[in-house]
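Step one of this worksheet: look at the structure below.
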Amino acid sequence: MKRFLLLVATMSLSACSLNTTPDAHPTDPATETFASTLNINISTMQKTTNGVYYKDLVAGTGAALTTAQQVTISFGAFVKTGAVFASGDHVPITVASMTAGLQEGMSGMKIGTERLIVIPSALGFGNSPFASVPPNSTLIYDVLLFSFQ
């Protein structure tokens with residue numbers, strides 16, 4: 001969690017621009033370059049069948065999360081430049097209301113797990129801009145799971 005808070009604070013202070021030139025096609029995280037502050041090494045991450053990459057930074061305990069549950073999480077959300085587009089602390093949310101990529105990336109998490117998740121644009125916001133996120137952006141989440149029901 002200390003890593004998460006330090007990363008969010010660093011990104012907030014760095015005033016990185018969210019402006020990226022979107023590709024005409026969905027992104028493939030395996031072919032992208034990420035800001036060094038994100039500490040992403042795709043080759044050390046697990047990949048789901050749909051192309052979401054994830055790595056547990058801290059292992060949790062107990063039952064595994066399923067997609068039909070309410071969760072409480074803290075998170076930082078970034079684009080590949082390292083710019084923060086969202087964050088929250090102890091946020092209650094239904095997993096089913098998340099993007100398909102975040103649902104897939106969180107699947108199997110246990111209470112106390114901190115997970116780094118890299119989502120290709122097709123499973124994120126797609127080719128439509130969302131808030132300050134440009135179209136066809138790879139999304140990066142640092143998620144800490146506190147509870148689920």
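This one's a predicted model, so the numbers in the text were calculated from it and none came from an experiment.
Within the 4.5 Å cutoff, no side-chain heavy atoms of Val95 are placed close to those of Met109.
Scored by the side-chain contact (heavy atoms from CB on, under 4.5 Å) test, Thr31 finds Asp28 as partners (sequence neighbours excluded). Residues meeting the side chain to side chain donor-acceptor pair (under 3.5 Å) test with Ser36, sequence neighbours left out: none. Take Ser147 and apply the side chain to side chain donor-acceptor pair (under 3.5 Å) test, not counting sequence neighbours, and it matches Thr72. Considering only residues two or more places apart in sequence or on other chains, Ala86 meets the side-chain contact (heavy atoms from CB on, under 4.5 Å) condition with Phe75, Ala77. For Asn50, the side chain to side chain donor-acceptor pair (under 3.5 Å) criterion is met by Glu104, not counting sequence neighbours.
Across every non-hydrogen atom of Ser121 and Pro26, the tightest pair is OG-CA, 3.2 Å. Across every non-hydrogen atom of Leu38 and Leu116, the tightest pair is O-CD2, 4.2 Å. Between Asn127 and Pro135, the shortest heavy-atom distance links the atoms O-CB, 3.1 Å. Across every non-hydrogen atom of Val118 and Pro29, the tightest pair is CG1-CB, 3.6 Å. Residues Leu139 and Gly124 share a closest heavy-atom pair of CD1-CA, 3.7 Å. Nearest approach of Thr27 to Glu32, heavy atoms of both residues: CB-OE1, 3.6 Å.
Separation of atoms CG (Leu145) and CD1 (Ile111) is listed at 4.5 Å; rounding is to 0.5 Å. With rounding to the nearest 0.5 angstrom, the OG1 atom of Thr66 is 10.5 Å from the CE atom of Met106. Taking CZ from Phe78 and OG from Ser87, the interatomic distance works out to 8.0 Å, rounded to the nearest 0.5 Å. Atom OG1 in Thr99 sits 5.0 Å away from atom OH in Tyr141 (nearest 0.5 Å). Put simply, OG on Ser97 and CD on Gln70 are 8.0 Å apart, with the number rounded to the nearest 0.5 Å. To the nearest 0.5 Å, atoms CD1 (Ile117) and CG (Leu123) are separated by 12.0 Å.
Using the six-membered ring where Trp is involved, Phe125 and Phe85 have ring planes that are perpendicular, over 60° apart on the 30 and 60° scheme.
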Under 3.5 Å, side-chain donor or acceptor atoms of residues 51-63 against the rest of the protein: list the pairs with distances, not counting sequence neighbours.
residue : atom : partner : partner atom : Å
Tyr54   : OH   : Gln46   : OE1          : 2.9
Lys55   : NZ   : Thr44   : OG1          : 3.4
Asp56   : OD1  : Arg115  : NE           : 2.5
Asp56   : OD1  : Arg115  : NH2          : 3.1
Asp56   : OD2  : Arg115  : NH2          : 3.4

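Each of Asp89, Asp142, Val143 was scored for a side-chain contact (heavy atoms from CB on, under 4.5 Å) with Ser74, with one residue passing: Asp89.
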Start with the C-alpha gap between Thr138 and Phe34, add the side-chain angles, then the distance that decides, and say whether side chain to side chain contact (heavy atoms under 4.5 Å, CB included) holds. CA-CA 10 Å; Thr138 294; Phe34 298 92; 3.9 Å; yes
